[in-house]
Every structure is written in C-alpha cells, then in structure tokens.
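The next block holds one structure in the form of structure tokens; read it before the comments.
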Amino acid sequence: CVALLLVDQETMEDHVAHGTYAKPGGYQLFMSAQQEMILRYNQTPGKGLKAEQVLHEVLKSQETMAQAIRATDHALTQREKEVEEERVRADALAREVKVKQEMQMQAQQMLEAQETAHSAHICKLEQKMAEDRRKLQEEQNMVLARKLQEQERLLREGFGKEAARLGAEVNSLQNQITQQKRRKRSCVLS
C-alpha cells in the first residue's frame, strides 16, 4: 500500500516538475489530485495496521509543496487579474482615443464645409455686386446717351438755355460714372 502512495506521490511530483499546477487554478488541481490519491488509497483493500499513519505522513510531506503551489497559484491569479485590468484600461483608452479622433475629424469636416459654404457665399455676393455695377453702368450710359441726344436736339431747335442746363446734367452724370469706375478699381485692388 505504501508503494501505491509512493506511485501517486511520484506522479504528483512529476506534474509539479512539468508545471501542471503552476498556473491560475493550479492549487485546486493539486488538491483534486490529492483527494483522488486519498480516495484510491482508502478504497484499496489489505493496507495493514499503519495505513492511516502512512497516509498522514505522505500528506504531511506534501504540505510544503501544497503551500508553494498555493502561493504560486495566488501570485499567478493576481498577475492574471492585473493583466486583465490593464487590458481593459488599454481597451477603454483606445476607444476613448478613437472617439476623440472621430469627433476631431467631424469637427474638421464641419469647419471645412462651413469654409466652403462661406467662400461660395462670398463669391456669389461678389458676382452679384459686379452684375449690379454693370447694370448701373449700362443705365447711366443710356441716360447719358439720351441726354446728349436731347441736348443736341435742343441746340438744333434753338433752345440754348435748355441745352446749357442739359449740358450741366450731362457733366454731372459723367462725373458720377467716372467716380464709380474709380471705386470699382479700388475694390478690385483691395
């Protein structure tokens, strides 16, 4: 019977040497193997008078190994827990960074869209102002042409005073046209 215990003990020591119990949950595996050894030993017939004493001595000899396995199991379990916590923190940080990058990208896209819309609006305003200036120039030129025709007609028909008054209006209108051309050039330069 002692031989049976020694074989089981040797098997358990081989497992220890190969690192079978050197992992999280290893202590529980060791204790299960020890319980199986005790069960097999107790179920073996014809053990003799000192069977309990022999079993007690074998279990006592395994106490140091059991404590070492328990300490290793605890340390490895703690380390595994720390690694998992660190992984969770790293994942959370990565998600947070990703969310911030996406928000920054969206803000950049919105800013670019606003800038594009603003530029388009400014361009349309400039086109409208240019068109308004062109129309005003055309209207002033038509009014000037009519007044010149009217002045010429009045001069032909002998209405000198009327022609002089119209000449003053023509000069005033020509000054306005010249001033607008100057303003247009200064707007283009600035």
Side-chain angles (χ1 to χ4, degrees), residues 15-16 18-32 68-190:
H15 285 298
V16 169
H18 288 97
T20 304
Y21 305 123
K23 60 184 176 184
Y27 180 70
Q28 189 60 42
L29 290 173
F30 175 79
M31 293 306 291
S32 293
I69 291 171
R70 183 180 354 182
T72 301
D73 182 352
H74 178 72
L76 291 173
T77 300
Q78 281 301 110
R79 181 63 188 138
E80 187 177 69
K81 183 179 176 183
E82 290 168 5
V83 166
E84 179 62 18
E85 288 171 355
E86 186 60 35
R87 186 194 63 74
V88 167
R89 279 193 299 273
D91 286 350
L93 182 62
R95 281 191 303 275
E96 184 179 331
V97 166
K98 185 178 179 182
V99 165
K100 284 182 180 179
Q101 286 174 339
E102 287 173 356
M103 288 173 60
Q104 187 176 12
M105 189 184 312
Q106 288 175 352
Q108 181 67 29
Q109 288 173 347
M110 285 176 58
L111 183 62
E112 288 172 2
Q114 286 175 347
E115 286 176 358
T116 301
H118 181 70
S119 294
H121 182 67
I122 294 293
C123 187
K124 284 182 182 178
L125 283 176
E126 288 174 349
Q127 288 173 351
K128 180 167 178 9
M129 287 172 56
E131 180 64 22
D132 289 348
R133 278 192 303 266
R134 186 189 61 75
K135 285 180 181 178
L136 180 62
Q137 183 77 38
E138 283 179 9
E139 288 175 16
Q140 287 176 336
N141 287 338
M142 288 190 321
V143 169
L144 180 62
R146 278 195 308 265
K147 289 198 184 248
L148 284 172
Q149 288 173 354
E150 180 70 18
Q151 183 183 23
E152 189 179 312
R153 183 187 63 76
L154 288 173
L155 281 174
R156 274 194 315 256
E157 294 176 3
F159 295 103
K161 280 186 180 179
E162 299 287 327
R165 182 189 55 78
L166 207 52
E169 286 181 21
V170 167
N171 286 337
S172 173
L173 192 55
Q174 284 176 331
N175 286 338
Q176 286 178 3
I177 292 171
T178 304
Q179 286 176 355
Q180 282 186 338
K181 285 182 181 179
R182 284 186 190 142
R183 272 191 244 127
K184 180 180 172 184
R185 281 192 208 119
S186 67
C187 286
V188 170
L189 293 176
S190 58

Given side-chain contact (heavy atoms from CB on, under 4.5 Å), test Lys23 with Leu29 step by step and report yes or no. CA-CA 10 Å; Lys23 60 184 176 184; Leu29 290 173; 3.4 Å; yes
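- Minimum interatomic distance between Tyr27 and Ile69 (heavy atoms only, all atoms of both residues): CA-CG2, 3.6 Å.
- For the pair Met105/Gln101, no side-chain contact is recorded, criterion being any heavy-atom separation below 4.5 Å from C-beta on.
- In Gln104, the CD atom is not crowded: 12 or fewer heavy atoms of neighbouring residues, nucleotides or ligands sit closer than 6.0 Å.
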Would you please test Leu76 and Glu80 for side-chain contact (heavy atoms from CB on, under 4.5 Å) and show each step? CA-CA 6 Å; Leu76 291 173; Glu80 187 177 69; over 6 Å; no
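- The line from CD of Gln174 to CG of Leu148 is 6.5 Å long, rounded to the nearest 0.5 Å.
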Take Arg146 and Glu150 through the test salt bridge (charged side-chain N to carboxylate O under 4.0 Å, His left out) and record every step on the way to the result. CA-CA 6 Å; Arg146 278 195 308 265; Glu150 180 70 18; over 6 Å; no
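- Proximity of a side-chain donor or acceptor of Asp73 to a complementary backbone N or O of Pro24 within less than 3.5 Å is not detected.
- Partner of Asp132 under the side-chain contact (heavy atoms from CB on, under 4.5 Å) criterion, chosen from Met129, Lys128, Arg134: Lys128.
- Rounded to the nearest 0.5 angstrom, His118 NE2 and Glu115 CD are separated by 9.0 Å.
- Asp91 CG to Glu84 CD: the interatomic distance, rounded to the nearest 0.5 Å, is 8.5 Å.
- Note that the CD atom of Gln109 and the CD atom of Glu102 stand 10.5 Å from one another [nearest 0.5 Å].
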Quick one, Glu86 with Glu82, criterion side-chain contact (heavy atoms from CB on, under 4.5 Å). Give me CA distance, side-chain angles, the key distance, then yes/no. CA-CA 6 Å; Glu86 186 60 35; Glu82 290 168 5; over 6 Å; no
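- With values rounded to the nearest 0.5 angstrom, His121 atom NE2 is found 10.5 Å from Glu126 atom CD.
- Minimum interatomic distance between Gln140 and Leu173 (heavy atoms only, all atoms of both residues): O-CD2, 3.8 Å.
- The residues Glu96 and Lys100 are annotated as salt-bridged, a charged nitrogen and a carboxylate oxygen being separated by less than 4.0 angstrom.
- Taken to the nearest 0.5 Å, the CD atom of Gln137 stands 10.5 Å off from the CD atom of Glu139.
- For the pair Glu138 and Lys135, the salt-bridge criterion is not met [side-chain N within less than 4.0 Å of a carboxylate O].
- With a 6.0 Å radius and a threshold of 12 heavy atoms from other residues, nucleotides or ligands, Gln28 has its CD atom at or below the threshold.
- Checking side-chain atoms of Ser172 against main-chain N and O of Ala168 turns up no donor-acceptor pair under 3.5 Å.
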